[in-house]
Amino acid sequence: MGLKRLITEAEKLLRTVGIEEPSVQVNKDPSFGEISSTAAFQLAKSLGKSPVIIAEEIASKIDVSGSELISSVEAVNGYVNFRANWVGYSRTILEEIFMGGERYGSSGVGAGRRVIIEHTSVNPNKALHVGHARNVCLGDTLARLYKFLGYDVLVLNYIDDSGTQMADVILGFMELGYSLEPPPGMGFDEYCGDVVYVEAVKRAESDPELAEKRRQITREIESRSGKAFELNRMIVSRVLKDQLRTCWRLGARYDVLNMESDILTYGLWDEVFEKLKAAGAVYYAESGPKAGCWLLDLSGHPVLSKEGDEVLIKSDGTTTYIARDIAYAAWKLGASSKDFSYEVFGENPDGSRIYVTSGRGDVRIPVSSAVKVINVIDVRQRRPQEIVKYALKLLGLDAEKYIHYGYEVVALSRKDAERLGYSPEPGQRIIHMSGRRGLYIKVNQLLDMLRERAAKEVRERHPDWSDEKVLETGEKIAVAALRYALVKQDTDKMIVVDTDEIMRLEGDTGPYLQYTYARALRILEKADSELSTSPPAEPSEPEKNLLRRMAYLPILLEEFHSSMLIKPIADYAYTLASEFNIFYEKVPVLRAEGGERAFRLAIVKAFTIVFSIVLDLLGVPRLEVM
RNA sequence: GGGCCCGUAGCUCAGCUUGGAUAGAGCAUCGGCCUUCUAAGCCGGGGGUCCCGGGUUCGAAUCCCGGCGGGCCCGCCA
């Protein structure tokens with residue numbers, strides 16, 4: 001392919017003059033040529049000569065006459081710079097894009113291999129807030145990327161339907177007299193989280209009687225029968241449906257919902273526990289502060305050992321969540337003889353089915369073949385995730401497959417926290433969201449605000465559009481703005497949500513990407529003439545810059561394959577859009593004629609192909625008109 | 001106390017994995033560009049001890065060591 005061929009040719013030329021390991025790089029500043037080599041610097045010491053002289057010797061010895069894509073070699077300050085033959089290089093790039101079509105840039109490395117990605121995993125007692133949205137967007141983008149690389153991707157969503165947070169909500173309904181129907185205009189998930197849960201937590205904190213009732217409810221849920229259990233089941237299902245609607249709004253999709261309560265009944269833990277015992281990885285504490293507990297022996301771990309062993313079975317005989325996590329993780333790696341059965345829960349907007357664990361169901365979904373098991377969870381879970389991974393290693397499993405895809409949390413700006421009724425401390429710059437205290441910005445709320453803001457802009461530009469069309473477009477803009485904002489930040493940096501900032505629709509934003517795409521389509525729409533991948537002459541700088549950027553996609557995706565970083569994809573989308581906009585301003589297409597027009601149309605066409613791919617990977621909805 | 005992460009322009013951040021040519025964007029600010037493919041755009045100006053100090057190297061924002069500042073994690077909760 002284009003860029004790779006250029007690199008290969010440069011390396012080949014360097015070998016012809018005796019450089020065994022030609023280190024070449026794609027230049028950041030193309031005024032030095034497309035490719036350059038620092039071989040002269042590396043040879044300087046052993047040859048006892050200055051790199052400047054060595055570079056000149058190398059350059060003078062290289063004969064480019066046999067090279068298809070390289071037109072010249074020159075030595076500058078010790079660098080050996082290779083320039084491309086742009087007439088041929090342009091054609092190579094464009095032909096590769098047209099040939100690849102919607103698969104351009106995919107190496108297909110994942111063919112026949114499965115990746116499991118678990119994301120979202122929000123407790124089913126509340127509506128999603130912006131912190132959850134970061135998880136959903138990262139997870140879904142990973143899924144899209146792996147799918148594009150040819151992998152068979154299985155998306156899981158873990159539903160903790162038996163934790164104490166559920167008991168809080170049940171307490172609200174059973175003891176505080178809350179109706180099962182939310183007030184008009186409010187979703188059931190919001191109602192449970194914003195009203196019932198927050199109030200129940202508050203009341204139980206100050207009322208020991210209610211706290212005791214909550215313990216009873218917890219036990220009843222665990223017993224898997226009775227009124228609280230039935231009520232819980234119904235609430236989980238209703239909240240989950242609302243939550244999924246929000247996730248779909250963000251463009252995410254799921255294959256499997258794994259309910260924690262079902263997992264417990266399958267006896268996964270018992271099997272794993274026996275294996276841990278057999279491996280000598282756990283022990284029973286006879287005395288000391290943890291007397292009566294079964295603990296995971298962490299003494300062999302260089303870091304974890306410093307903080308003491310981990311309780312897996314409490315002295316009352318119940319498991320800790322980390323024990324359940326270990327069992328679940330072992331299942332994901334295919335190390336369990338037990339397997340869940342599923343029934344259909346619903347359908348994704350794309351028509352694919354979503355399965356949920358069920359005692360009644362008869363569907364089986366084998367997971368054993370996965371080459372990677374990715375868990376999208378925020379950084380606060382780093383230590384527990386490391387413990388799970390270590391336990392897998394002690395079980396003799398291939399723990400390297402188990403990947404905690406961590407990301408920093410989303411917090412509130414001072415201003416937004418104040419808007420939500422919180423009084424920050426004097427020097428406090430960020431405020432962490434809290435479900436228990438009702439301190440958070442909900443995804444739907446933010447998307448609605450964004451949609452409204454975008455719709456206003458759309459209306460101004462298209463006064464003739466129907467309200468329906470305006471809102472539909474506004475919704476896509478809102479999703480683009482939010483998804484892009486959550487994914488363009490590096491995962492190891494906290495995002496401080498500033499609603500004023502996020503409402504911005506210009507600059508380095510999702511809507512900018514959509515606008516750029518719509519602009520490109522306008523040109524193609526008005527063009528009826530032929531395309532040509534051959535430039536009539538040396539292309540102009542804006543044309544070259546755009547071509548260069550498009551040529552980079554295959555390498556970008558290769559880099560993703562090894563780094564798993566999503567951010568560079570977002571950066572690429574922005575710079576590609578930016579190069580297109582410069583091209584758009586400086587290089588007339590429809591007003592050009594003949595071969596020039598045909599070549600430029602080919603560039604625009606190629607751009608829409610490449611850019612569509614990138615937008616789809618990021619989950620930024622494409623807009624034909626904006 | 002121990003562990004992990006972050007520190008680059010007024011603000012929000014790229015670049016660091018794999019060291020390389022004048023350190024890049026966006027926002028904000030100041031100034032230009034719409035009878036010509038959508039101005040949600042483009043062009044230009046101002047704005048930097050790349051937290052500090054050592055070290056490695058021909059070459060360090062990037063690698064190593066030591067500080068400083070901020071965040072997170074260290075429950076028989078999940």
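Just so it is clear, the model here is predicted, and its values are computed rather than measured.
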Is it the case that the base of [N] and the side chain of [X] share a donor-acceptor contact (distance under 3.5 Å, atom types as modelled)?
{"X": "R461(A)", "N": "rA40(B)", "answer": "yes"}
{"X": "Y515(A)", "N": "rA40(B)", "answer": "no"}
{"X": "N81(A)", "N": "rA21(B)", "answer": "yes"}

Check whether any side-chain N or O of K314(A) sits under 4.0 Å from OP1 or OP2 of rA78(B), and answer yes or no.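 It does, given that an N or O in the side chain of K314(A) lies less than 4.0 Å from OP1 or OP2 of rA78(B).
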For K526(A) and rU38(B), is the shortest distance between a side-chain N/O and OP1 or OP2 below 4.0 Å?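 Indeed, a polar side-chain atom of K526(A) lies that close.
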Is there a stack between Y79(A) and rA21(B), judged by ring centres under 5.5 Å and planes under 30°?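 Given the distance and angle limits, yes, they stack.
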Side chain of [X] (C-beta onward), nearest among [options]:
{"X": "Y512(A)", "options": "rG41(B), rU38(B), rA78(B)", "result": "rG41(B)"}
{"X": "V303(A)", "options": "rG3(B), rC27(B), rA14(B)", "result": "rG3(B)"}
{"X": "K493(A)", "options": "rG41(B), rA78(B), rU8(B)", "result": "rU8(B)"}

Of S37(A) and C293(A), whose closest RNA chain B nucleotide lies nearer the 5' terminus?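 It is S37(A) whose nearest nucleotide is closer to the 5' end.
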Starting at the 5' end of RNA chain B, which residue's closest nucleotide do you reach first, T164(A) or V625(A)?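 The 5'-side residue here is V625(A).
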Does S563(A) use its side chain to pair, donor to acceptor, with the backbone of E559(A) at less than 3.5 Å?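 The answer is yes, because a donor-acceptor pair under 3.5 Å joins these two groups.
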Output yes when E541(A) and K586(A) qualify as a salt bridge under the 4.0 Å nitrogen-oxygen rule, no when they do not.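 Salt bridge flag = no for K586(A) with E541(A).
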Under a 3.5 Å limit for both distances, which nucleotide forms a Watson-Crick or G-U wobble pair with rG75(B), could you say?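 Its partner: none found.
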Angle class for the F580(A)/Y584(A) ring planes (parallel below 30°, perpendicular above 60°, tilted otherwise)?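 The rings of F580(A) and Y584(A) sit tilted, inter-plane angle from 30° to 60°.
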Enter syn or anti for the glycosidic conformation of rC72(B), syn applying to angles within 90° of 0.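 Glycosidic conformation of rC72(B): anti.
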